[in-house]
Amino acid sequence: MPKITINGKEIEFEKGMTVLQACELADVEIPRFCYHEKLSIAGNCRMCLVEMEKSAKPIASCAMPAAEGMNIKTNTPFVEKARKGVMEFLLANHPLDCPVCDQGGECDLQDQSMYYGVDKSRFVENKRIVKEKYMGPLIKTQMTRCIHCTRCVRFATEVAGVPEIGAIGRGENMEITTYLEKAMESELSANVIDLCPVGALTSKPYAFEARPWELKKTESVDVMDAVGSNIRVDTYNWEVKRILPRLNNDINEEWISDKTRYSCDGLLKQRLDVPYIKKNNKLQKSSWDEAVSVLVEKFKTLNPDEIGGHIGDMVNLENALSFKKFFSVIKSNNLEFREKNFFIDPSAKSNYIFNSSIKGIEQSDLILLIGTNPRHEATMLNARIRKVFAQNKVPIYSIGNPGELTYNYTIIGNKTDDIKKILSKESNFSKILSSSKKPMVIIGESALELRSGKYLIEGFKKFLKDNNFINKDWNAFNFLPQNASTVGLIDLKILSNEEDKRNSFFEKLKNNQFKLLYLLGSDNLDIKKNNEFIVYQGSHGDRGAEIADLILPSAAFTEQNGLYENLEGRVQECKKASYPIGEALEDWKILNLILKALGKNENLLSFDSLRKEVLKSIPNFSKLNELPYFKDCELINTSPYFESEEINIKELDYFFTNAISRASKTMSECRQIKYSSKKTGTDNL
């Protein structure tokens with residue numbers, strides 16, 4: 001490996017590194033504003049100046065390629081004077097509004113001006129003023145503070161794939177703006193707030209809410225989709241003030257979707273804080289004792305087969321297992337978690353997870369999407385696909401029309417017949433797929449809702465196995481679920497019998513065979529209510545609570561500890577950041593109250609025992625935060641049912657997918673802008 005000398009210390013570096021990256025290897029901190037390791041190099045701010053032997057002028061370390069034999073100095077008076085000069089230029093037009101700036105306390109310019117700034121300015125010219133720009137309901141602008149680092153411009157173009165931000169004007173008149181001065185229409189737009197090294201772009205919903213040192217910071221996991229993005233929940237007393245991304249290069253890198261970041265205001269709205277019982281066709285406040293006794297009396301009058309249970313999209317594994325155990329105590333087998341009846345084969349873990357892994361997308365050389373729109377179903381996974389498209393020019397194909405994605409793709413069909421031709425090698429695409437080295441086949445829920453769902457799963461498994469694309473080093477078969485709880489609940493075997501169609505949960509629901517339906521955090525199940533007694537146990541007064549006869553208030557995901565399994569089968573811990581509202585309790589505690597009232601004290605649950613049992617129940621489990629170990633998938637001998645059907649990708653109401661986002665004022669504003677732009681024909685989504 002080539003070597004470079006930094007401050008008298010010889011360091012080995014990889015070919016292609018810049019001087020700044022080599023300095024980081026030597027544990028030397030270089031100040032910077034425009035450089036960011038996930039974005040292209042701009043060399044705008046010149047803050048990273050260092051001294052190079054035989055160079056009369058200081059060099060910009062972020063843009064200079066490191067070379068064998070270079071002698072770099074970063075701590076000489078020459079370097080310090082150069083950086084102080086740059087800082088003086090940066091502060092020439094910067095307003096002195098740190099006391100009212102939301103970036104205060106976590107501002108790069110503030111931190112670095114403490115070291116390189118001077119106490120007086122030599123500039124006598126008038127300061128430049130730039131009028132504020134409109135960037136939508138998420139981003140607050142104060143463009144006079146902007147230092148033209150262009151991080152936001154590069155992020156929008158390179159990562160988000162929606163080139164809406166750019167620079168207009170030249171020299172002192174240069175301004176960063178959205179070209180048409182309209183809302184940024186990307187699901188990743190608010191990441192520019194984290195990227196901005198000054199207070200030019202700040203969070204509009206969080207404006208003047210709190211200072212960073214006043215907040216309690218809790219590392220957690222996002223449950224808005226199945227990706228399991230790593231987040232930090234910042235709370236003031238018991239109130240969630242903001243959600244920020246945590247760096248995890250295996251999952252979300254250092255970005256999160258706007259829904260993940262801004263749904264948190266929905267944690268305060270439409271909350272259920274006391275039990276409710278429907279009396280005279282009207283929900284009335286009640287006590288826990290009364291609510292539990294009403295439910296217990298109802299259980300006593302019913303046959304176990306007349307009781308059904310449905311688990312929602314954001315329920316953690318411990319609570320789901322406690323619900324399953326509760327149903328075994330009341331001797332009912334009618335448990336389900338799917339909101340729509342799509343095909344799942346729970347016999348092997350590789351049948352229902354994203355086997356190639358999110359990071360593995362970067363190794364692929366061909367991607368085939370089947371019945372899925374990853375932009376809305378798994379935003380961070382879509383950002384990774386965009387990354388390989390932009391950097392490696394990976395070809396992307398789709399069966400079914402997903403609409404506008406952030407990269408170019410080719411539609412190669414929209415019927416199951418097109419898939420049959422690929423699998424029987426009658427299609428030209430079969431040769432393209434077979435000749436690739438590391439392809440990825442991504443199957444969405446829309447495709448598995450078809451009657452040929454089993455055929456798609458088994459057909460692609462066989463095709464990929466025959467071409468050696470399923471092995472210990474690479475598994476090209478991937479299922480893309482939409483909900484945070486999906487993979488974990490399949491692992492816990494909370495699934496109605498697929499084979500016995502007449503006795504399946506969905507058939508009984510359709511034919512109104514349930515006399516009592518227990519909804520655990522379930523708000524998206526399509527229920528045509530007849531005479532059923534509906535129990536809703538959840539955190540928000542959403543769709544489930546609207547049709548309920550009995551409401552039991554429970555905690556939201558930020559108010560309890562719990563495990564979630566993301567689409568890759570990676571088990572992660574969601575940690576308690578605040579406390580349940582009013583009289584609300586964790587789900588397993590509510591079930592304990594009911595078990596006590598039923599006189600089943602021997603079946604009472606504890607959180608620790610639930611967690612241990614969860615970890616034992618998960619197939620192929622290796623360790624927390626790690627991918628499951630590989631186990632070869634088995635093929636079935638019988639030929640699955642095939643029918644010629646059209647593959648229609650069902651459109652998600654992206655900003656309103658769950659109870660928390662539907663309660664969020666910010667998400668409502670985003671949704672309004674999205675649909676108003678559709679009507680006016682300026683839609684970019």
Inset, instruction - Please assess Glu254 against Asn248 for the test side chain to side chain donor-acceptor pair (under 3.5 Å), listing each intermediate value before the final yes or no. - result: CA-CA 6 Å; Glu254 53 190 277; Asn248 187 327; over 6 Å; no
Inset, instruction - Report the C-alpha distance between Arg151 and Leu39 in whole Å, list the side-chain angles of each, state the deciding distance to 0.1 Å, and finish with yes or no for side-chain contact (heavy atoms from CB on, under 4.5 Å). - result: CA-CA 8 Å; Arg151 278 186 182 183; Leu39 305 175; 4.3 Å; yes
Inset, instruction - Give the intermediate values and the outcome of side chain to side chain donor-acceptor pair (under 3.5 Å) for residues Tyr262 and Ser661. - result: CA-CA 8 Å; Tyr262 285 119; Ser661 59; over 6 Å; no
Inset, instruction - Begin with the C-alpha distance, continue with both residues' side-chain angles, and end with the deciding distance and a verdict on side-chain contact (heavy atoms from CB on, under 4.5 Å) for Ser356 and Trp474. - result: CA-CA 7 Å; Ser356 304; Trp474 183 256; 3.9 Å; yes
Inset, instruction - Apply side-chain contact (heavy atoms from CB on, under 4.5 Å) to Phe479 and Leu567, showing your working. - result: CA-CA 8 Å; Phe479 166 56; Leu567 49 79; over 6 Å; no
Inset, instruction - Kindly determine whether Asn319 and Gln560 satisfy side chain to side chain donor-acceptor pair (under 3.5 Å), including the steps that lead there. - result: CA-CA 10 Å; Asn319 287 333; Gln560 55 188 325; 3.0 Å; yes
Inset, instruction - Test Leu317 against Ile618 for side-chain contact (heavy atoms from CB on, under 4.5 Å), laying out the working first. - result: CA-CA 10 Å; Leu317 293 175; Ile618 296 172; 4.0 Å; yes
Inset, instruction - Please lay out, stage by stage, how Ser485 and Asn483 fare under the test side chain to side chain donor-acceptor pair (under 3.5 Å). - result: CA-CA 6 Å; Ser485 60; Asn483 294 337; 5.5 Å; no
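Contact detail for Asn408 and Ile396: the closest heavy-atom pair is O-CB, 4.1 Å. Nearest heavy atoms, Ile256 versus Asn191: O-ND2, 2.8 Å. Closest non-hydrogen pair, Gly521 versus Val315, comes out as CA-CG2, 4.5 Å. Across all their heavy atoms, Glu377 and Thr372 have their closest contact at OE1-OG1, 2.8 Å. Nearest heavy-atom pair across Arg375 and Leu405 is CB-CD2, 3.7 Å. Among all heavy-atom pairs drawn from Leu627 and Ser622, the shortest one is O-OG, 2.6 Å.
Between atom CZ of residue Phe13 and atom CE of residue Met70 there is a gap of 7.5 Å, rounded to the nearest 0.5 Å. To the nearest 0.5 Å, the span separating CZ on Phe337 from OG on Ser522 amounts to 12.0 Å. For the atom pair CG of Leu489 and CG of Leu495, the computed distance is 9.5 Å after rounding to the nearest 0.5 Å. Rounding to the nearest 0.5 angstrom, the gap separating the CD1 atom in Ile361 from the OG atom in Ser357 is 7.5 Å. Here Met64 contributes atom CE and Gln21 contributes atom CD; the two are 14.0 Å apart, rounded to the nearest 0.5 Å. With values rounded to the nearest 0.5 angstrom, Ile231 atom CD1 is found 9.5 Å from Leu244 atom CG.
Side-chain contact annotation: Ser430 with Ser427, donor-acceptor N/O pair under 3.5 Å absent. No side-chain donor-acceptor contact under 3.5 Å links Asn382 and Glu187. For the residue pair Thr486/Tyr352, the side-chain donor-acceptor check at 3.5 Å is not satisfied. If you check the side chains of Glu158 and Ser40, you find a donor sitting under 3.5 Å from an acceptor. Judged by distance alone, the side chains of Asp222 and Thr260 do bring a donor and an acceptor atom under 3.5 Å apart.
Using a 4.0 Å cut-off between charged side-chain N and carboxylate O, Arg451 and Glu643 make a salt bridge. With salt bridges taken as basic N to acidic carboxylate O contacts below 4.0 Å, one links Lys349 and Asp491. Using a 4.0 Å cut-off between a side-chain N of Lys or Arg and a carboxylate O of Asp or Glu, Arg242 and Asp234 qualify as a salt bridge. Electrostatic pairing of Lys461 and Glu458 counts as a salt bridge here, judged by a charged N lying under 4.0 Å from a carboxylate O. Taking the charged nitrogens against the carboxylate oxygens, Asp194 and Arg261 do have a contact shorter than 4.0 Å, which makes a salt bridge. The residues Lys421 and Asp417 are annotated as not salt-bridged, no charged nitrogen and carboxylate oxygen being separated by less than 4.0 angstrom. Salt-bridge formation is detected for the pair Glu362/Lys387: a Lys NZ or Arg NE/NH1/NH2 atom is positioned less than 4.0 Å from an Asp or Glu carboxylate oxygen. Electrostatic pairing of Glu219 and Arg246 counts as a salt bridge here, judged by a charged N lying under 4.0 Å from a carboxylate O.
A cation-pi arrangement is present between Lys420 and Phe642 under the rule of less than 6.0 angstrom and at most 45 degrees off the ring axis. Relative to the six-membered ring of Phe469, Lys438 misses at least one condition, a distance below 6.0 Å or an angle of at most 45° to the axis. A cation-pi arrangement is found for Arg671 relative to Phe656, the charged atom lying closer than 6.0 Å to the ring centre and inside a 45° cone about the ring normal.
Screening Tyr407, Phe429, Phe389 for a ring-ring contact (aromatic ring centres under 6.0 Å, His included) with Tyr397, the sole residue that qualifies is Phe429. Results of the salt bridge (Lys or Arg N to Asp or Glu O under 4.0 Å) test with Glu253 over Lys359, Lys38, Arg386 single out Lys38 as the only residue that passes.
Side chain of Lys493 to main chain of Ile490: no donor-acceptor pair is present (N/O by atom type, distance under 3.5 Å, no hydrogens or angles). In this structure a side-chain-to-backbone donor-acceptor pair under 3.5 Å is missing from Lys454 to Tyr641. For Asn658 (side chain) and Ile660 (main-chain N/O), a donor-acceptor pair under 3.5 Å exists by modelled atom type. Counting only distance, with no hydrogens or angles, the side chain of Thr157 and the backbone of Arg154 share no donor-acceptor pair below 3.5 Å. With hydrogens and angles disregarded, a donor-acceptor distance shorter than 3.5 Å links the side chain of Asn471 to the backbone of Asp473. A donor-acceptor pair under 3.5 Å links the side-chain atoms of Glu318 to the main chain of Leu563, judged by distance alone. Proximity of a side-chain donor or acceptor of Lys3 to a complementary backbone N or O of Glu12 within less than 3.5 Å is not detected. Formation of a donor-acceptor pair under 3.5 Å by the Glu164 side chain with backbone atoms of Glu185 is found in this model. Judged by distance alone, the side chain of Asn373 and the main-chain N or O of Pro402 form a donor-acceptor pair under 3.5 Å. Between the Asn561 side chain and the Lys576 main chain, a donor and an acceptor come within less than 3.5 Å of each other.
Contact check for Glu339 versus Asp313: side-chain heavy atoms found under the 4.5 Å cut-off. Side-chain contact check for Ile411 versus Ile399: every heavy-atom pair is 4.5 Å or farther apart. Counting heavy atoms from C-beta outward, Leu138 and Met184 have side chains that stay 4.5 Å or more apart. Two residues are said to be in side-chain contact when any heavy atoms from C-beta on lie closer than 4.5 Å; Pro628 and Phe621 fail this criterion. Taking the side chain as every heavy atom from C-beta outward, Val441 and Ile367 never approach each other to under 4.5 Å.
Ring orientation note: the planes of Phe323 and Phe327 are tilted relative to one another, at an angle of 30° to 60°.
Within a 6.0 Å sphere centred on CG of Asp466, heavy atoms belonging to other residues, nucleotides or ligands number more than 12.
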